[in-house]
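To keep things clear, I will list the structure first and then write my remarks on it.
Residues take their numbers from the sequence shown, with the count starting at 1.
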Amino acid sequence: MNPTVIIVIVLIFVLLAALVLTNIRIVPQSKAFVLERLGAYQQTWDTGLHVKIPFIDRIAKTVSLKEQVVDFPPQPVITKDNVTMQIDTVVFFQITDPKLYCYGVESPISAIENLSATTLRNIIGELELDSTLTSRDTINAKIRVILDEATDPWGIKVNRVELKNIIPPREIQDAMEKQMKAERERREAILRAEGEKQSRILVAEGHKESKILEAEAEKQSAILRAEAAKEAKIREAEGEALAIEKVQTASAEAIKLLNEADANEAVIKLKALEAFAKAADGQATKIIIPSEIQSVAGLAEGILSTVKK
């Protein structure tokens, strides 16, 4: 075979292979390809392997299905009380229909920006300055609902809208700063007064607690002293009672011994003489002598007789 023919065949084969390979497309995750055939919409390719017809089909647009964020520059708005301020918004949206997104509007992002600015002016125009500064959540919700409804024909879903910055005029900012400073000073004064009040209360409570503890300690001390005195008297009384008991026991034992020894009259007189001697040793100024021991001679004789026996 002629080498030239072989080369031509090889070239044709290579060209056909390259043509086939260039028309095989893989759609990645979270992407969508909008396919046109002869200039008209044909279909939307989802994730996977796809093949298009050479020279007839073309991929018109690659669309991201992820949630996207667009930060719009500040927009001048006028409040109900005629205060001009600058507000910039952040819009979070997601493409739900690639076909509508490609053919619904010429420039979707620019359309969302203009729609957002118009909606913001309408909403802020119904609010006063104070309400605008304190109603961000309400404003965000209203703008989101309006944008979501307006962008449905464009295949776009608005998930969230946030007011990033609200910038009032310079003079109003100065007035707000002065007001905030005054409010901080007022709160500081209130906190200081409250702290001093609490300090005085704590000091009074501490003093009161100290007095209570002192009184309680004095009470306990008096109780302990009374208990000690009572215990001492009880012990003293018990000692006296014990002494009396021992004396009585000794006397009883002596009488018992005398009775057991069959003591005669002489011994009894001798005991009476001993008792008289003890009485004479006392502090009494008068001593009455019993008739039984008036006669000392008789007492001595009796004692002598007893000793002899």
Sequence neighbours excluded and cut-off under 3.5 Å, please list the side-chain donor-acceptor pairs for residues 139-165, or say none.
residue	atom	partner	partner atom	Å
Asn140	OD1	Leu163	N	3.1
Asn140	ND2	Arg136	O	3.1
Asn140	ND2	Glu162	OE1	3.2
Arg144	NH1	Val158	O	3.4
Asp148	OD1	Val158	N	3.3
Thr151	OG1	Leu147	O	2.7
Thr151	OG1	Asp148	O	3.4
Thr151	OG1	Ile156	O	3.2
Asn159	ND2	Glu67	OE2	3.0
Lys164	NZ	Asp71	OD2	2.8

query: Residues two or more places apart in sequence or in another chain: which of them pass side-chain contact (heavy atoms from CB on, under 4.5 Å) with Ile26?
result: Leu49
Show which side-chain atoms of residues 219-230 pair as donor or acceptor with protein atoms under 3.5 Å away, not counting sequence neighbours.
residue	atom	partner	partner atom	Å
Gln220	NE2	Glu216	OE2	3.3
Ser221	OG	Arg225	NH1	2.7

field: Set of residues satisfying salt bridge (charged side-chain N to carboxylate O under 4.0 Å, His left out) with respect to Arg184, sequence neighbours excluded
entry: none
- request: Any pair with a residue in residues 201-210 that passes salt bridge (charged side-chain N to carboxylate O under 4.0 Å, His left out), sequence neighbours left out, goes on the list, sorted by first then second residue, please.
  value: none
- request: Tell me who clusters with Ile167, hydrophobic residues only, linked when side chains sit under 4.5 Å apart either directly or through other members.
  value: none
statement: Glu128 meets the side-chain contact (heavy atoms from CB on, under 4.5 Å) criterion, sequence neighbours left out, with Lys80, Asp81
Check against side-chain contact (heavy atoms from CB on, under 4.5 Å), Gln94 and Gln68: CA-CA 6 Å; Gln94 190 171 9; Gln68 302 179 49; over 6 Å; no
- request: Enumerate the residue pairs fulfilling ring-ring contact (aromatic ring centres under 6.0 Å, His included) with a member in residues 42-66, sequence neighbours excluded, ordered by first and then second residue.
  value: Trp45-His50
query: Quick one: side-chain hydrogen bond (donor to acceptor under 3.5 Å, both in side chains) partners of Arg200, sequence neighbours excluded?
result: none
- request: Identify, with sequence neighbours excluded, every residue that meets side-chain contact (heavy atoms from CB on, under 4.5 Å) alongside Leu191.
  value: none
task: Can you run down the side-chain hydrogen bond (donor to acceptor under 3.5 Å, both in side chains) pairs that involve residues 51-62, sequence neighbours left out, and say none if there aren't any?
output: Asn23-Lys52, Glu36-Arg58, Arg37-Asp57
field: Flag if over 12 foreign heavy atoms under 6.0 Å of CD, Gln198
entry: yes
query: Can you tell if the side chain of Glu113 reaches within under 4.5 Å of the side chain of Pro73, non-hydrogen atoms only?
result: yes
Contacts of Glu240 that satisfy side-chain contact (heavy atoms from CB on, under 4.5 Å) - sequence neighbours left out: Glu236
